[in-house]
Amino acid sequence: KQEVTQIPAALSVPEGENLVLNCSFTDSAIYNLQWFRQDPGKGLTSLLLIQSSQREQTSGRLNASLDKSSGRSTLYIAASQPGDSATYLCAVKGGQFYFGTGTSLTVIP
Amino acid sequence: GAVVSQHPSRVICKSGTSVKIECRSLDFQATTMFWYRQFPKQSLMLMATSNEGSKATYEQGVEKDKFLINHASLTLSTLTVTSAHPEDSSFYICSVSSGTSYNEQFFGPGTRLTVL
């Protein structure tokens, strides 16, 4: 069974700092990997989708990479802002979506 | 991406009653819908997958007689929690997909269920 791990579980950074969130998965036979943002008590907002044949995707200040062979993905957030504070989830799609446990990010003004 | 709505956003009910949660795909023909459950400080766990016009497929450990799923059209799926108990209190989220493996999933805003 696919297992998805996210490190760190929580992260607190000052505003303006660049940061990296990590996601690892045990089964490299995936169709795609998706990064989501979840605000407290809310649903999921899709940030980036990387197909299994792709190496990275970029959207604004966000950049996600995928190394399928090593079972790793990173989400890079540039010039962090207080509004980036949320829980970030990665999910890999095999037969179904498997979610990581998330990284809770706090950006301090 | 697709716009997905859920109703209600919050519901409080007494133990033993049944609660219905609706998931609607507003601008997307959703051949497949997924229901997830999220307990506090935990990640999402898939409960079941439903395909329009057929029976839902439940994940191991999820009671199909307790969590009734109906996917009667390409825009609506419902989850009914029957004879709810306090341990069913959770955040329930649905998502939609067009059905092919490479497509994204689009998530609803979630429903917070509290069983007293």
Side-chain angles (χ1 to χ4, degrees), chain A residues 1-10 21-54 57 59 64 66 68 86-106, chain B residues 1-11 21 23-26 28 32-51 56-62 89-114:
Chain A
K1 181 184 174 183
Q2 179 77 267
E3 292 184 8
V4 183
T5 305
Q6 289 186 247
I7 295 173
L21 307 181
N22 298 290
C23 172
S24 61
F25 48 95
T26 55
D27 187 350
S28 61
I30 64 171
Y31 293 112
N32 59 48
L33 183 145
Q34 201 166 349
W35 281 93
F36 296 90
R37 167 188 175 134
Q38 185 176 31
D39 292 286
K42 304 291 185 182
L44 276 66
T45 300
S46 179
L47 299 174
L48 290 165
L49 169 71
I50 310 176
Q51 302 292 358
S52 62
S53 60
Q54 298 174 326
Q57 283 287 329
S59 175
L66 174 64
K68 202 172 71 164
T87 296
Y88 290 80
L89 296 167
C90 73
V92 297
K93 181 119 191 259
Q96 60 168 280
F97 257 101
Y98 294 91
F99 281 84
T101 49
T103 294
S104 177
L105 172 66
T106 303
Chain B
V3 178
V4 182
S5 69
Q6 283 185 237
H7 178 80
S9 57
R10 289 178 178 272
V11 57
I21 302 170
C23 175
R24 291 185 183 273
S25 176
L26 302 182
F28 188 74
T32 305
M33 288 187 171
F34 303 87
W35 285 96
Y36 293 85
R37 180 167 53 184
Q38 185 179 34
F39 292 107
K41 298 189 184 296
Q42 295 186 26
S43 192
L44 280 73
M45 295 298 293
L46 180 66
M47 298 176 66
T49 302
S50 70
N51 294 298
T57 302
Y58 290 81
E59 295 300 305
Q60 192 173 11
V62 178
S89 299
S90 187
F91 193 55
Y92 292 86
I93 306 178
C94 72
S95 71
V96 305
S97 167
S98 71
T100 59
S101 298
Y102 289 87
N103 279 6
E104 289 180 77
Q105 285 194 27
F106 304 97
F107 285 81
T111 295
R112 172 72 60 193
L113 170 64
T114 302

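In what follows, chains are A, B, ... by sequence order, proteins preceding strands, each numbered from 1. Everything numeric here is computed off the predicted structure, so don't read it as measured data.
Taking CZ from A/Phe97 and CE from B/Met45, the interatomic distance works out to 15.0 Å, rounded to the nearest 0.5 Å. Here the CD atom belonging to A/Gln96 is positioned 11.0 Å from the OG1 atom belonging to B/Thr57, to the nearest 0.5 angstrom.
Contact record, A/Gln38 with B/Phe91: NE2-CE2, 3.9 Å, taken as the closest heavy-atom pair.
For a residue to count as touching a neighbouring chain, one of its non-hydrogen atoms must lie under 4.5 Å from one of that chain's; by this rule B/Ile93 touches chain A with the side chain only. Within the 4.5 angstrom heavy-atom criterion, no atom of B/Gln6 approaches chain A. Only the side chain of A/Leu89 comes within contact range of chain B, with at least one heavy atom under 4.5 Å from a heavy atom of that chain.
Aromatic pair B/Phe107/A/Phe36: ring centres closer than 6.0 Å.
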- CA sep, side-chain torsions, deciding dist, call: A/Phe99, B/Tyr36, ring-ring contact (aromatic ring centres under 6.0 Å, His included): CA-CA 11 Å; A/Phe99 281 84; B/Tyr36 293 85; 5.5 Å; yes
